[in-house]
Each structure stands twice: as structure tokens, then as C-alpha cells.
Amino acid sequence: MALIDFIAILPFYLLFFIKIDLQALRTLRALRLLRIIKINRYTTALKTITQVFKNKANQLISSMVVVGLLMIIASVLMYNFESEAQPDKFSNAFDSLWWAMSALTTVGYGDVYPITVAGKILGIVIAIIGIGMVAVPTGIITAGFSEVLHNKKYKSPNISSEPNEDEKDEKKYCPYCGHRIDD
């Protein structure tokens, strides 16, 4: 089981047994890269994550498009409200895009902030909308994980398909292995 780790640390211990030039031994440090093979243990989790993002790609992309449009609209509006009051901070719409990004993601660095009444009201609206916009992709991904795990539960090798109406009682299946429990 620890063969990969043994090969990865072997060059360090060779110095104690074999007296060779250290420069040549340094090339054997590349064997440490073999530890990457151990990532294979986590491939089922990575496959699940990849499957969720593939299944929900359209919804995630559409939510990101909405966020992008909202950022552009917010930056243009903020530029119109604040450019006269703060020409150094809001000199063009691209400078206000920085404010829109920090306000919409609810980070709010505080380096650029509105001082006019209309700008402050827009800031409040964008911050509230930002809370919801952050929650939308989170909900999409959570629903995707729920669907994938539900499908894996009912499509495991022990269960050929999703149970029919009279078999839907979960007490009839073991929650750990998926085998049918006979009364």
C-alpha cells in the first residue's frame, strides 16, 4: 500500500547507504511526483463533482450571465450617479465595475464607495441583490449533488432501477448496501 511513498522517499535514504554525488541524487527527487498517483483514491469524489457541474452547466452559465449583466448595469448606473461627485474614484464605467464587483459579491473592500444619495441607494439595492445572486449558484450545485447521489442510490449494482410504487418504502432497502430487506 505504501509502495508509492517508499519510492518517493527512497532517494533521501540512499545517502546513508551509498556515497554518491548529491547532484546526481537530486535528479531522483522527481520520483516524488509519483505521489500524484495517490489522487486515484479520490477519483470517485472528483467524478461526482465533475458530473454535477456537467449536469448543471446550463443553469450555472445562465446565473453567471445574469450576474455579469447586473454588474454591467450597476457599474454604468453608479458611474452616472457618482462621476460628478467623485471623478477620481468613478472616472469611467470600468472603474465603477470594481465597485460593482465588490458590492455584488458582498466583499465590500471600502476603497471605493458612493457618497451621493442615489449612489448609496443603488449600493443598498446591489448589496441585497448580491446576497441572492451568491445563493443561486450555491443552490444549483447543492441540488445537483442531491440528484447525483439520489441516482447513485437507486442505480447501484444491487438495485437494477428505481423502485416502483409499491417498493418505494425505504424500509425495504438497506441504506448502506442497497440490498432489498425481506420481511
Side-chain angles (χ1 to χ4, degrees), residues 32-33 35-157 159 161-163 165 168-171 173-178:
R32 291 182 187 172
L33 293 175
R35 287 183 164 182
I36 294 175
I37 296 171
K38 290 171 64 173
I39 201 168
N40 193 29
R41 295 179 188 170
Y42 308 108
T43 57
T44 55
L46 292 175
K47 286 178 185 175
T48 302
I49 292 169
T50 304
Q51 185 178 3
V52 167
F53 278 97
K54 282 182 183 177
N55 292 347
K56 299 295 182 179
N58 291 337
Q59 295 174 5
L60 289 171
I61 289 171
S62 64
S63 70
M64 293 302 152
V65 167
V66 169
V67 168
L69 288 172
L70 187 61
M71 280 184 10
I72 291 170
I73 292 169
S75 66
V76 169
L77 286 174
M78 189 55 76
Y79 169 71
N80 287 331
F81 294 150
E82 295 289 326
S83 63
E84 290 180 17
Q86 300 184 70
D88 56 324
K89 300 283 186 181
F90 296 95
S91 59
N92 57 34
F94 290 111
D95 286 343
S96 5
L97 190 62
W98 171 253
W99 172 85
M101 175 65 103
S102 66
L104 195 62
T105 58
T106 67
V107 173
Y109 290 114
D111 57 345
V112 179
Y113 53 89
I115 58 172
T116 64
V117 174
K120 289 179 180 180
I121 292 171
L122 179 65
I124 291 169
V125 170
I126 292 300
I128 291 171
I129 291 173
I131 293 169
M133 288 285 102
V134 169
V136 168
T138 305
I140 292 170
I141 293 170
T142 302
F145 277 115
S146 178
E147 289 173 10
V148 167
L149 294 176
H150 181 268
N151 289 340
K152 282 185 179 181
K153 178 180 178 182
Y154 287 113
K155 298 202 189 233
S156 67
I159 302 172
S161 64
E162 194 167 326
E165 289 300 319
K168 281 200 175 183
D169 187 10
E170 290 192 19
K171 294 179 183 176
Y173 292 95
C174 176
Y176 301 107
C177 66

Side chain to side chain donor-acceptor pair (under 3.5 Å) pairs, two or more places apart, involving residues 53-74: K56-E147
Separation between CD of Q51 and CG of N151, rounded to the nearest 0.5 Å: 7.5 Å
Using atom types as modelled, flag every donor-acceptor pair under 3.5 Å from a side chain in residues 135-146 to any protein atom, sequence neighbours excluded.
residue	atom	partner	partner atom	Å
T138	OG1	V134	O	3.0
T142	OG1	T138	O	2.8

Q86 side chain vs T116 backbone, donor-acceptor pair below 3.5 Å: no
For residues 67-78, dump all side-chain donor-acceptor pairs below 3.5 Å to protein atoms at least two apart in sequence or in another chain.
residue	atom	partner	partner atom	Å
S75	OG	M71	O	3.2
S75	OG	I72	O	2.9

Side chain to side chain donor-acceptor pair (under 3.5 Å): pairs with one or both residues in residues 94-105, sequence neighbours excluded: S91-D95, W98-D111
Pairs flagged by salt bridge (charged side-chain N to carboxylate O under 4.0 Å, His left out) wherever residues 70-80 is involved - sequence neighbours left out: none
Which residues share a ring pair (Phe, Tyr, Trp, His ring centres under 6.0 Å) with F53, sequence neighbours left out: none
Review item, side-chain donor-acceptor pairs of residues 119-131, under 3.5 Å, at least two apart:
none

All pairs passing ring pair (Phe, Tyr, Trp, His ring centres under 6.0 Å) where residues 57-93 contributes a residue, at least two apart: none
Test side-chain contact (heavy atoms from CB on, under 4.5 Å) applied to E82 and V112, step by step: CA-CA 11 Å; E82 295 289 326; V112 179; over 6 Å; no
